[in-house]
Amino acid sequence: MNGTAIGALIRNDLRLYLADRRALIVGVLVPILIAGFFGYVFGGTGRSEDQGKIPVAVVDEDRSEVSRAITADLSADPLLQVSALERSAARDQVKSGKQSAAAVFPRGFGERTTRSLFSGVNKPQVELLVDPSQTTSARVIEGLLAQYSMKEISKEAFSGASGRKAIDGYLEQLDKLEQTPLRSDLRTLLNAARKLNEQSSADAGPDGTGAAGADGGGQRNFGLSIPYTVASTEVTARDNTPYNSYSHSFAGMAVQFILFAGIDAGVLLLLTRQRGIWQRLRSAPITRGEFIVARALATTLIGLFQMTAIYVVAILVFKVRIEGSWPGFIAVVISVCLLNAAFGLMLATLGRNASTTRGLAMMVTLLLVMIGGAWVPAFVFPRWLQNVSSYVPTRWAIDGLDGATWRGLPFAAALTPSLLLIGGAAACLTVAIWRFRWEE
Amino acid sequence: MLQVDRLTKRYGERVAVNAISFNIAQGETVGLLGPNGAGKTTAISMISGISRPDGGEVRLGGMSLTEDAAALKRRVGLVPQDLALYEELSAWANLQLFGGLYGLGAAQLKSRAEAALALVGLADRGADRVKTFSGGMKRRLNIAGALLHEPDLILLDEPTVGVDPQSRNAIFDNLEELKRRGKTLLYTTHYMEEAERLCDRVLILDHGQILADETVAHFKERYTNLEAAFMQLTGRGLRDGAET
């Protein structure tokens, strides 16, 4: 191996890269900006109060105690931003995308819900007008609506006036029917519920504020609620270390733009073939192997420079931390850069001309990064696509970087993605060596 | 010094260079003349080791291109017809690459690059980017790039194409200086007056074959001047084919 020649070729490629300001901006600044944007949108460092509330409209055509109470509960929920609107305005705002959904409480909602709570028939219908592009938000709204409705309707049934009326009405219906053991048990249950209702009303007093005051004991507060509470803990590298979504966005964008640099390297080689410089290279005493090694090393070094620059900003500005193994992180970064260099060389050997090769390679790269979960996490994909994703090198790279950063995984966890990436690099390099045209 | 023996190159059915043979002595300057598509560039490509011959042999100082291409390449400097320069880089950076390809160390490369730049009159422009150079300056730098490893044989493929008369004259001065230093030059051109001024001997190539191999004096004696000889030997028909 002619080390001086290889060194000269590598130095020259680095000079060409640094002389091209566009490449520097595209390779370093743009991924930082995009990763910063995605990271912010998906929650930032996890310490921000402004997490983005789901806008939802409530149309209260009932104006009952129950519907007002449900509206108040929804308004108090930290996930929602509730607007009280008329039906037509609510529909318009959902249509224009200003509201994710609108819940319409129809007339008689409160009265019919307390009655149907016991009878199970003649249920009123809450209309949910949904923006079809925001179905995930609609599911969240639906869940919260069910939770707060159950709470307020049962509260009304066991302690409110309309609830008492509903129980009396249902007891009257039972009296008219033939007596059976089941109906006898039901009558006992309803009588107990009525007694509870009377007791709650008496405790609340005529003004409804209750003898026990604002602490809630004995007022119109008795109702069904979810019989457990949830303590949500973010499982990150360490306890009390919040998830930093910049970690994932920087991993995704760094991988994407490293691949773009690989494409540039491949295209540069194709362009070099068309210039006089190729004749000068070919007339020099360097071998095909030395040339390929030099190109691969130069592209790897450029990738390492890009990765370093991107992660320095990620660490200093966006508080991304290598919570796991530093050697693991470095192993994944080097493996990604090796794969990228081999990918670029392969492109240069398979491509016929620069413009077509660049177009096709960009398309393939964008597909790879999308499927690899660089833009949106892979869990939102359909099952089959998640399966495909696990075979894509970009997924290995992003998983490896995620593991070393916010997941805080040890070196052993970086080994598999690193080895897979190196395997991918070896495959690309094999194709490149096989197809590389040196002799003419 | 250079022995070319029955050198042949085919592209499919077409024979671009058909068993040409000639010798060039140490310090001799030889012009390779021919119309478009005659096979000049193909011949130069094979002699410089870029293109693999389909037949025949190239020997330089007894060394065979087939047997030891790397050693032979170290003794040959190529000035390609297309500018072989990175325009985004400085003249220095370009020369550092070309010297590095021949294994020159930093100190050796520095002195040789300074000498090469001085020879072509660009000593004060080494730090400037090539894209700021005029066409003539680029052509001169293109020549400098082939001199760093001090080759015995310099192959020049139309080194004055596309430059103004002043630049052409400057390039000629450079080549005459190389000749004075005892370098062996093989030179392709379309300009007869260049060949007359510079060359000791001229080979006229057409359809891949050598039609004449004589001294300039002999051509002048027999055909009045070189252009008359060229036109008589290659004919007056237009040659619109691709350059080979």
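Each chain gets a letter, A, B and so on, in the order the sequences are listed, and its residues count up from 1.
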Atom of [X], atom of [Y] and distance for their closest heavy-atom approach:
{"X": "A:P285", "Y": "B:A70", "result": "CB-O, 3.6 Å"}
{"X": "A:R280", "Y": "B:L85", "result": "NH1-CD2, 4.5 Å"}
{"X": "A:R275", "Y": "B:E87", "result": "NH2-N, 4.2 Å"}
{"X": "A:Q279", "Y": "B:I50", "result": "O-CD1, 3.3 Å"}

Spatial distance of atom OG (B:S90) from atom CZ (A:R15) [nearest 0.5 Å]: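 Spacing of OG (B:S90) from CZ (A:R15) equals 6.5 Å.
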
Approximate separation, where rounding is to 0.5 Å, of B:L97 CG and A:L281 CG: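 One finds 6.5 Å between CG of B:L97 and CG of A:L281.
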
Under 4.5 Å, counting heavy-atom pairs only, tell me which of [options] racks up the most with chain A.
{"options": "B:L101, B:L83, B:L104, B:D82", "result": "B:L101"}
{"options": "B:S45, B:S48, B:P80", "result": "B:P80"}
{"options": "B:G100, B:A146, B:A84", "result": "B:A84"}

B:K73 side-chain N/O to A:R282 backbone N/O, donor-acceptor pair under 3.5 Å: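 Between the backbone of A:R282 and the side chain of B:K73 there is a qualifying donor-acceptor contact (under 3.5 Å).
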
NZ (B:K110) with more than 12 external heavy atoms under 6.0 Å: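 No, NZ of B:K110 has 12 or fewer neighbouring heavy atoms, counting only those of other groups under 6.0 Å.
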
side-chain contact (heavy atoms from CB on, under 4.5 Å) between A:N12 and B:F98, worked out: CA-CA 10 Å; A:N12 191 64; B:F98 305 144; over 6 Å; no

Which of A:I6, A:L9, A:D20, A:I277 touches chain B most, by non-hydrogen pairs under 4.5 Å: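 Result: the option with the highest number of such pairs is A:I277.
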
Interface moiety of B:A69 toward chain A, non-hydrogen atoms closer than 4.5 Å: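 Neither part, no heavy atoms under 4.5 Å.
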
Under 4.5 Å from any heavy atom of chain A - which part of B:N142: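 Looking at B:N142, backbone and side chain both touch chain A.
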
Side chains of A:T272 and B:Y86 in contact at under 4.5 Å (non-hydrogen atoms):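 A:T272 reaches B:Y86 side chain to side chain.
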
